There are 2 protein chains.
Amino acid sequence: MVFGKSCNQCSVRETALCGVLADAALAPMAAHGTQRSLARGETLIRAGDPARLCANIQRGLMKISHINPAGHEVIVGLLWPGDFVGTPFLDGGPATHDVVALSAVSLCVFPQTTIERTMADHPAMERQLLSRTLAELGQVRRSLSRLARATALARVAGFIAETAQRRPAAAEPHVIELPLSRGEMADLLGLTIETVSRQMTRLKTAGVIGLPGGRQVMIQDPDALAEAADELM
Amino acid sequence: MVFGKSCNQCSVRETALCGVLADAALAPMAAHGTQRSLARGETLIRAGDPARLCANIQRGLMKISHINPAGHEVIVGLLWPGDFVGTPFLDGGPATHDVVALSAVSLCVFPQTTIERTMADHPAMERQLLSRTLAELGQVRRSLSRLARATALARVAGFIAETAQRRPAAAEPHVIELPLSRGEMADLLGLTIETVSRQMTRLKTAGVIGLPGGRQVMIQDPDALAEAADELM
DNA sequence: CGTATATTTGACTGAAATCAACGCAGGTGG
DNA sequence: CCACCTGCGTTGATTTCAGTCAAATATACG
C-alpha cells in the first residue's frame, strides 16, 4: 500500500525512485517516463488502436491476448514485472493485441514521441530492450513447442511449475496463488475450462498438488509435477 | 548461379555488394561480416552449443527446431532472407534450438566478439535488429494463436496462404513450391504427416488448390483458401 | 442470506492420432 | 533393361484425448 501510494505521488523527476526497474541500465530511462497505475481488468492497449506506447511493468501482471475469428479469446503471453509492453517504434502499424491488467499494475510509461531520442541518449537502454525482447522470443517459442505437442496434463502441470518459479516463496513454502482463473488458464493453454479443471483434479488425486481453495495450489511433489510437465513437450 | 558464384568470391571488403541485406540501414553492417554458404540439411547452430553467433540470411530458408522429451521434432519457426539468426549477446547461455538449412543458404555472419562494437558504431544497425526481433515476436505470437485453437484444416490452409505471400509469383502465376516436406509441415503445424496429407487432399477435392506433383501447389481459389485458414484462429 | 459467478463432475461426441497398407518415383545393381 | 530397395506421400480402419453439452456444487459478493 505504501508502495503504491508513493508511486501515485511521484513527479516525473522522482520516477526513478518508484518501482524497481528490471536492471540498473534502465535507471536513466525511468527519468524519462511517467508513472501510471491500472486496476485489475483495465485495458492498456486495444487491438487495432493506432496509438502506441512503450512501458515497463513495475508491479503486477498483464496478459497479451486477442479475439480470434471464432470469437474465442487467445492469450499469447503474460507480462511480469520488468517486462516491456508495446513497441518503441511509431512505424509498426496498429496494435495487433489487447494488453489487459490481470491484477493491480504499476507502469513506467515512455511516450513514443520521445523514446527514440531517449534510446539514442542511453544506448544501454536500447541494449536492454533488445535483450529482453530476445528473451521474450525464447519464452514464446517454448510456449509454441508446448502447444504443438504437449498433452492437456503436461500443459497444466507446466503452467503451475512455471508460475511457482516466478513467484518464489509466498507465505507458505510450497503454496502459490495462481494469477489466472480457470478460464484464463484455458485461453492461455489452448484448452477448455473443463479440461483444465479435470487435469487439476487429476494432479490432486495423484497426490502431486493440493487445492486448498480459491486459486491456491500447494505443490506436494515438485518432481512429479516437473515430470508431468515434461511428459511430451 | 552467377549470384552464388560472385558471393563465394567476395572478400570481406566487398561483402556489402553480395546478397541484398534487408534494409539500407544494414549496409554498413555487412562490411563487418563474413560470407558463408550452407547446403540443404547443414546445421548452423546446434541446441546446447555454447558457441553463439549472429548472422543475417541473404538467400535460402532455415528452420529453428528442437527435439522434445518424447523424441519428436518441433519446428518453432522458419527464417527467410533478411531474418537474423542467433543472438548478438554473449551472456545468453547455450543455444536452446537447432538451426538447420532447408535449402541452399547464403549468410552474412557477424562474430559475436566484434558485434557489440559494430552495434555501438552503427546505432541504426541495432535499431534494425530490435525492429526485426519485435516483428518476429509478432510472427511467433500469430503461430501461437493458430496452434492454440485452429483446426488441422485451418493450419494447413494458413501455411499454404502464408507461403504464397512469401514467394510472390514464381514461374506460373498461382503455382508455388512448398519449402517443406509433409513431415516438416507436420512438425511446424503440430500435426502428423497423415493429417497434413488428408487436409491437402481435402482442399484439393474442394477445388481450392491443385497438386500438380512434388511439393508444388496451385492456388485455384485464393478466397476460399483464406477463408479456410481463418475458420477458427 | 440470497444471488451471481466460478469450478467441478458426468455423459457423450468428434477431430486428430495411431496403426497399417498401398502407390509412386528415383536410384542401384544384377 | 528390369527387379529391388528406399523414402515420401496417400488412403483406410480404429482408438483416444480433449471438446461439447448439461448439471451439480462451491465460492464470492452485495
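Here the structure is a predicted model, which is why all the values come from computation and not from measurement. Just so it is clear: chains get the letters A, B, ... in the order the sequence lines come, proteins before strands, and each one is counted from 1.
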Ion pair B:R141/B:E136, N-O distance below 4.0 Å: no
Taken to the nearest whole Å, CZ/A:R155 to C1'/D:dC17 is 11 Å
Specify the separation, in whole Å, of atom NE2 of B:H72 and atom P of C:dA16. 16 Å
B:E184 meets the salt bridge (charged side-chain N to carboxylate O under 4.0 Å, His left out) criterion, sequence neighbours left out, with none
Go through the steps to decide whether A:R146 and A:E162 satisfy the test salt bridge (charged side-chain N to carboxylate O under 4.0 Å, His left out), and finish with yes or no. CA-CA 13 Å; A:R146 178 162 283 156; A:E162 277 164 21; 3.0 Å; yes
Would you please classify the geometry between the A:H97 ring and the A:H66 ring as parallel, tilted or perpendicular, with 30° and 60° separating the classes? perpendicular
What is the distance from CE of B:M185 to P of D:dC8, rounded to the nearest Å? 15 Å
Figure out the CD/P separation between B:Q216 and D:dG9, and round it to whole Å. 14 Å
Comparing nearest nucleotides in DNA chain D, the 5'-proximal residue of the pair A:A152, A:G213 is A:A152
In whole angstrom, give the distance that lies between atom CG of B:L180 and atom P of D:dG9. 10 Å
Taken to the nearest whole Å, CG/B:L211 to P/C:dC24 is 15 Å
Hey, can you pull the residues of residues 186-205 of chain B with a non-hydrogen atom under 4.0 angstrom from DNA chain C? B:G190, B:L191, B:T192, B:E194, B:T195, B:R198
Could you state the CG-C1' distance from B:L147 to D:dA18, rounded to the nearest angstrom? 16 Å
Could you tell me whether the side chain of A:R182 reaches within less than 4.5 Å of the side chain of A:M200, counting heavy atoms only? yes
Quick one: do B:R149 and A:D187 make a salt bridge, cutoff under 4.0 Å? yes
Give the nucleotide from the list C:dA16, C:dT7, D:dA18 with an atom nearest to the side chain of B:T151. C:dA16
To the nearest Å, how far apart are B:R182 CZ and C:dA16 P? 17 Å
